[in-house]
Enquirer: 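Quick one: structure below, then a few questions.
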Amino acid sequence: MSELRDTRIEIPESADLLFALLTDVVRRHQPDIEAALKGGPSNSFSAAAPEALARTLQAQGIWFQLLSISEQRAAMRQRREIERERGYQHVRGTFANVIASAREAGISADEIRAILPALRVRPVITAHPTEAKRVTVLEKHRKIYLQLLELESPRWTDREREALINSIRNEIELLWLTGELRLVKPS
């Protein structure tokens with residue numbers, strides 16, 4: 001397994017790749033806001049037209065979502081690596097981790113069995129109005145995440161890897177062209 005990782009073609013970190021692709025999309029559609037996306041001087045916002053300001057905020061919003069996707073991918077990769085190298089009981093947040101921690105703290109299996117009937121485990125689903133997103137936007141985020149996972153595979157040729165990267169760029173461009181929130185109720 002480690003030999004496979006050693007021979008794998010290195011790809012840029014996903015956050016760097018996603019930022020470069022977003023910058024490319026912004027450059028093609030609205031080059032005047034590229035500097036702001038890259039952290040240009042904030043005094044340019046005062047003179048910016050409302051539309052340019054709105055597009056800048058849109059670009060930054062897309063960037064934050066892409067960054068979140070990259071962080072989720074990195075966290076999942078880290079969890080898999082921990083499980084692969086040290087075992088499932090070392091993955092934080094799992095029941096196996098809680099039981100292993102209790103065992104290390106000297107709590108016996110009988111004590112845990114005595115506590116279990118009193119526990120109530122229920123899923124809690126929460127949403128915040130600011131997190132409401134169109135289904136089409138969520139689908140694009142999911143596609144980007146899955147394509148980033150595909151890029152990790154060592155099976156792709158350089159040509160296939162470039163096609164995957166172009167596919168991610170296309171999804172980012174579709175995000176740029178799709179409003180994140182519906183402004184009018186669908187008919």
Side-chain angles (χ1 to χ4, degrees), residues 1-42 44-45 52 54-94 96-97 128 130-131 133-181:
M1 186 69 153
S2 63
E3 290 175 322
L4 179 62
R5 272 186 266 146
D6 293 340
T7 60
R8 200 170 82 177
I9 297 172
E10 285 300 314
I11 61 168
E13 274 305 310
S14 61
D16 296 338
L17 174 65
L18 292 173
F19 189 76
L21 295 176
L22 174 60
T23 302
D24 182 52
V25 167
V26 167
R27 185 180 307 119
R28 282 187 293 159
H29 288 277
Q30 195 134 13
D32 54 318
I33 67 168
E34 180 182 355
L37 180 62
K38 290 182 173 181
S42 59
S44 63
F45 287 128
R55 290 303 254 177
T56 301
L57 292 173
Q58 178 189 8
Q60 290 173 335
I62 291 171
W63 167 237
F64 292 139
Q65 291 298 322
L66 293 173
L67 186 58
S68 177
I69 290 168
S70 177
E71 289 171 348
Q72 290 169 16
R73 179 184 150 273
M76 184 55 69
R77 186 178 354 161
Q78 183 180 29
R79 288 174 61 94
R80 287 187 176 125
E81 198 67 29
I82 289 169
E83 183 175 346
R84 204 175 10 258
E85 292 176 2
R86 297 174 37 210
Y88 185 60
Q89 69 277 10
H90 291 283
V91 178
R92 285 185 52 167
T94 63
N97 181 250
H128 191 277
T130 61
E131 296 177 11
K133 288 189 177 50
R134 295 174 67 180
V135 171
T136 54
V137 170
L138 294 173
E139 288 171 350
K140 287 170 185 42
H141 290 170
R142 179 84 175 140
K143 284 181 184 178
I144 291 168
Y145 179 87
L146 293 173
Q147 290 169 336
L148 287 173
L149 289 180
E150 283 294 315
L151 271 177
E152 290 181 12
S153 175
R155 70 179 180 259
W156 305 118
T157 64
D158 289 344
R159 180 184 53 78
E160 292 168 320
R161 189 170 303 286
E162 189 60 37
L164 272 171
I165 290 171
N166 284 332
S167 182
I168 294 170
R169 180 183 292 110
N170 290 341
E171 292 300 327
I172 293 172
E173 186 159 21
L174 288 172
L175 279 174
W176 177 260
L177 298 172
T178 304
E180 190 165 328
L181 298 173

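None of these values were measured; they are calculated from a predicted model.
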Enquirer: Report yes if some heavy atom in the side chain of Ile144 is under 4.5 Å from a heavy atom in the side chain of Leu175; otherwise report no.
Expert: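 Yes; the side chains approach each other to less than 4.5 Å.
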Enquirer: Side-chain contact test, heavy atoms from C-beta onward, threshold under 4.5 Å: evaluate it for Arg79 versus Thr94 and give yes or no.
Expert: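 Side-chain contact under 4.5 Å: yes.
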Enquirer: Determine, step by step, whether Gln65 and Lys140 satisfy the side-chain contact (heavy atoms from CB on, under 4.5 Å) criterion, reporting the C-alpha distance in whole Å, the side-chain angles of both residues, the deciding distance to 0.1 Å, and the verdict.
Expert: CA-CA 11 Å; Gln65 291 298 322; Lys140 287 170 185 42; over 6 Å; no
Enquirer: Checking side-chain polar atoms at under 3.5 Å, does Arg155 have a donor or acceptor matched by the opposite partner on Ser153?
Expert: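 Side chains of Arg155 and Ser153: pair found under 3.5 Å.
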Enquirer: Any chance you could measure His141, atom NE2, to Leu66, atom CG, to the nearest 0.5 Å?
Expert: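 It is 6.5 Å, given to the nearest 0.5 Å.
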Enquirer: Any salt bridge linking Glu81 with Arg84? Criterion: basic side-chain nitrogen under 4.0 Å from a carboxylate oxygen.
Expert: yes
Enquirer: Can you see whether Gln72 engages Ser68 through a side-chain donor-acceptor pair at a distance of less than 3.5 angstrom?
Expert: yes
Enquirer: Distance only, no hydrogens: is a donor on one side chain within 3.5 Å (strictly under) of an acceptor on the other, for Glu85 and His90?
Expert: no
Enquirer: Enter the distance from Glu152:CD to Arg80:CZ here, rounded to the nearest 0.5 Å.
Expert: 8.0 Å
Enquirer: Can you check whether Ile62 reaches Val26 side chain to side chain, under 4.5 Å on heavy atoms?
Expert: no
Enquirer: So how far is it from Arg55 CZ to Trp176 CH2, rounded to the nearest 0.5 Å?
Expert: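 Between atom CZ of Arg55 and atom CH2 of Trp176 there are 4.5 Å.
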Enquirer: Heavy atoms, side chains only, cut-off 4.5 Å: are Leu67 and Leu18 in contact?
Expert: no
Enquirer: Return yes when atom CZ of Arg142 has more than 12 non-hydrogen atoms of other residues, nucleotides or ligands closer than 6.0 Å, and no otherwise.
Expert: no
Enquirer: What distance do Ile69 atom CD1 and Leu148 atom CG have between them, rounded to the nearest 0.5 Å?
Expert: 7.5 Å
Enquirer: Without swapping roles, check the side chain of Thr56 against the backbone of Ala52 for a donor-acceptor pair under 3.5 Å.
Expert: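 Confirmed, Thr56 side chain pairs with Ala52 backbone.
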Enquirer: Tell me if the CD atom of Gln78 is crowded by more than 12 foreign heavy atoms within 6.0 Å.
Expert: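 Incorrect, the count does not exceed 12.
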Enquirer: Please find the pair of heavy atoms, one from Phe19 and one from Leu37, that lie closest to each other, and give the distance.
Expert: CZ-O, 3.8 Å
Enquirer: Can you tell me how far the CZ atom of Arg77 sits from the CG atom of Leu149, to the nearest 0.5 Å?
Expert: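 It comes to 9.5 Å.
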Enquirer: Kindly determine whether Arg92 and Ile82 satisfy side-chain contact (heavy atoms from CB on, under 4.5 Å), including the steps that lead there.
Expert: CA-CA 9 Å; Arg92 285 185 52 167; Ile82 289 169; over 6 Å; no
Enquirer: Determine whether Val91 and Asn97 make a side-chain contact, defined as any pair of heavy atoms from C-beta on separated by less than 4.5 Å.
Expert: no
Enquirer: Looking at side-chain heavy atoms only, is the closest gap between Asp24 and Arg27 below 4.5 Å?
Expert: yes
Enquirer: For the residue pair Ser70 and Ala15, what are the closest heavy atoms and their distance?
Expert: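 Heavy atoms only, the tightest pair is OG-N, 3.1 Å.
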Enquirer: Would you find a donor on one side and an acceptor on the other, under 3.5 Å apart, between the side chain of Trp156 and the backbone of Ala163?
Expert: no
Enquirer: Would you compute the distance between atom CG of Asn166 and atom CZ of Arg161 and round it to the nearest 0.5 angstrom?
Expert: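 That separation rounds to 13.0 Å.
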Enquirer: By the definition side-chain contact (heavy atoms from CB on, under 4.5 Å), identify the one residue from Glu173, Lys143, Gln147 that meets it with Ile168.
Expert: Gln147
Enquirer: Any side-chain heavy atom of Glu171 within less than 4.5 Å of one from Leu174?
Expert: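 Of all side-chain heavy-atom pairs linking Leu174 with Glu171, at least one is under 4.5 Å.
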